[in-house]
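In the text below, chain A, chain B and the rest are named by the order of the sequence lines, each starting its count at 1. Just so it is clear, the structure is predicted and the values come from calculations on it, not from any experiment.
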Amino acid sequence: MKILIVDDSKAMRMIVMRTLRQAGYDNHTLVEAGNGEEALKVLRAGGIDVVLSDWNMPQMNGIQLLQALTAEGIKVKFGFVTSEGTEEIRQKAAENGALFVVTKPFTADAFRNALGAL
Amino acid sequence: MSESTTLQEWLAAMIDASTELATVTLGFDGVTTVGTADDVADHSAGAYIGLVGETTTVQLAMCSTIDGCKQLARALLGMTEEDELADSDMADAMGEVMNIVAGTVKTRMDGRLPALKLGLPLFVTGRVYSVNQPETAVLNVDVGPIRAQLVAFRPRGTT
């Protein structure tokens with residue numbers, strides 16, 4: 001499986017990758033993007049199975065990325081990894097087609113549960 | 001409909017949020033409150049983030065010395081003291097610490113302040129001076145072994 005991690009924080013991308021390895025995804029290919037625009041370029045090229053995206057990012061945020069993918073007809077499994085865990089955020093994510101929301105701080109179990117259900 | 005809040009309530013939410021971060025991600029036992037302070041300490045550095053609601057604008061921050069910020073960043077990144085840590089990575093990691101804390105605070109306050117919007121974090125070295133003398137509350141805390149300050153401030157007259 002090829003997983004794209006989208007976050008404007010290099011530190012958080014490192015933490016997500018470390019936690020994915022702890023969750024048993026060490027044999028999968030992990031790709032990084034620093035914001036929604038970068039991610040969109042990667043996704044247009046194809047080959048990504050799952051997107052793990054932050055919500056709040058400069059340039060293009062996570063929900064704008066998800067909406068852009070829908071508008072362009074790019075089909076990919078999409079979940080949010082965000083510090084925002086309010087019901088409003090979860091509802092908006094689901095309405096736009098996100099499959100899960102993992103809230104920070106997260107554990108390896110949170111990724112196992114989210115990705116294992118795909 | 002938004003309720004009024006006190007800065008002490010924001011600090012209490014920050015204690016809960018930083019305790020969750022400390023235990024789940026940083027590998028520490030928790031956060032201990034040492035006492036209150038009148039203001040942010042001199043020679044400090046820290047990450048700031050804004051929360052803006054219908055009737056409330058509040059800035060939240062976690063501050064420490066540069067050395068304390070490096071220790072917090074290393075803990076977040078799973079690095080040892082021997083691992084090299086660039087200043088930009090320290091700032092990025094401290095911003096993420098504050099982003100996680102503020103996100104958890106926002107979730108905890110959501111029932112009372114449903115329209116809160118979370119900003120992007122900013123890392124600052126030195127003290128932040130505001131010309132309009134905001135209402136400020138500061139707690140001295142130990143995040144695991146690291147002395148830090150939790151800060152909440154907002155324009156006077158907002159609730």
Side-chain angles (χ1 to χ4, degrees), chain A residues 5-23 26 30 32-37 52-65 79-93 101-114, chain B residues 16-28 47 49-53 60 69-70 72-79 83 85-123:
Chain A
I5 298 151
V6 191
D7 201 305
D8 56 316
S9 166
K10 179 183 160 194
M12 186 45 63
R13 296 198 302 270
M14 284 173 60
I15 295 161
V16 170
M17 287 192 285
R18 185 180 72 206
T19 310
L20 283 171
R21 291 188 191 104
Q22 290 167 351
D26 42 346
L30 306 180
E32 299 177 58
N35 59 54
E37 281 183 3
L52 300 176
S53 177
D54 189 18
W55 189 284
N56 289 315
M57 293 181 288
Q59 291 175 272
M60 179 186 279
N61 66 28
I63 198 73
Q64 288 168 334
L65 170 62
F80 285 102
V81 181
T82 174
S83 61
E84 302 220 31
T86 63
E87 194 49 45
E88 179 195 4
I89 292 286
R90 290 180 182 281
Q91 192 176 334
K92 197 169 178 184
V101 176
V102 171
T103 54
K104 306 170 189 173
F106 45 70
T107 60
D109 278 344
F111 281 113
R112 259 185 231 112
N113 292 338
Chain B
D16 288 347
S18 51
T19 298
E20 188 179 348
L21 174 69
T23 53
V24 172
T25 304
L26 302 183
F28 297 144
I49 197 165
L51 279 163
V52 179
L60 306 179
C69 290
K70 284 182 177 173
L72 283 164
R74 287 179 194 281
L76 184 74
L77 297 170
M79 296 170 76
D83 293 327
L85 178 69
D87 285 351
S88 58
D89 290 338
M90 172 192 67
D92 181 24
M94 278 299 293
E96 201 51 47
V97 164
M98 200 55 231
N99 181 45
I100 295 170
V101 168
T104 308
V105 167
K106 181 191 165 189
T107 302
R108 283 166 195 263
M109 297 298 242
D110 188 51
R112 299 174 60 191
L113 302 165
L116 277 179
K117 302 291 180 207
L118 180 64
L120 293 171
L122 181 70
F123 183 78

Please look at [X] and chain A and tell me whether the side chain, the backbone, both or neither of the residue comes under 4.5 angstrom of a heavy atom of that chain.
{"X": "B/Asp110", "result": "side chain"}
{"X": "B/Glu20", "result": "both"}
{"X": "B/Leu120", "result": "side chain"}

Out of [options], which one racks up the most heavy-atom pairs below 4.5 Å with chain A?
{"options": "B/Thr25, B/Val24, B/Asp92", "value": "B/Asp92"}
{"options": "B/Leu77, B/Thr104, B/Val105", "value": "B/Leu77"}
{"options": "B/Val101, B/Thr23, B/Asn99", "value": "B/Asn99"}

inquiry  = To check you understand the geometry: which heavy-atom pair defines the closest contact between B/Ala93 and A/Ala11, and what is its length?
reply    =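 The answer is CA-CB, 3.9 Å.
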query = What residues, two or more places apart in sequence or in another chain, satisfy side-chain hydrogen bond (donor to acceptor under 3.5 Å, both in side chains) together with B/Lys117?
reply = none
inquiry  = How long is the straight-line distance from CD1 of B/Ile49 back to OG of A/Ser83, given to the nearest 0.5 Å?
reply    =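 Separation between the atoms: 6.5 Å.
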Separation of A/Met14 CE from B/Glu96 CD (nearest 0.5 Å) = 12.0 Å
message = Around atom CD of A/Gln22, are there more than 12 heavy atoms from other residues, nucleotides or ligands closer than 6.0 Å?
response =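 More than 12 within 6.0 Å, yes.
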request  = Check salt bridge (Lys or Arg N to Asp or Glu O under 4.0 Å) between B/Lys106 and all other residues, then give those that pass, not counting sequence neighbours.
outcome  = A/Glu84
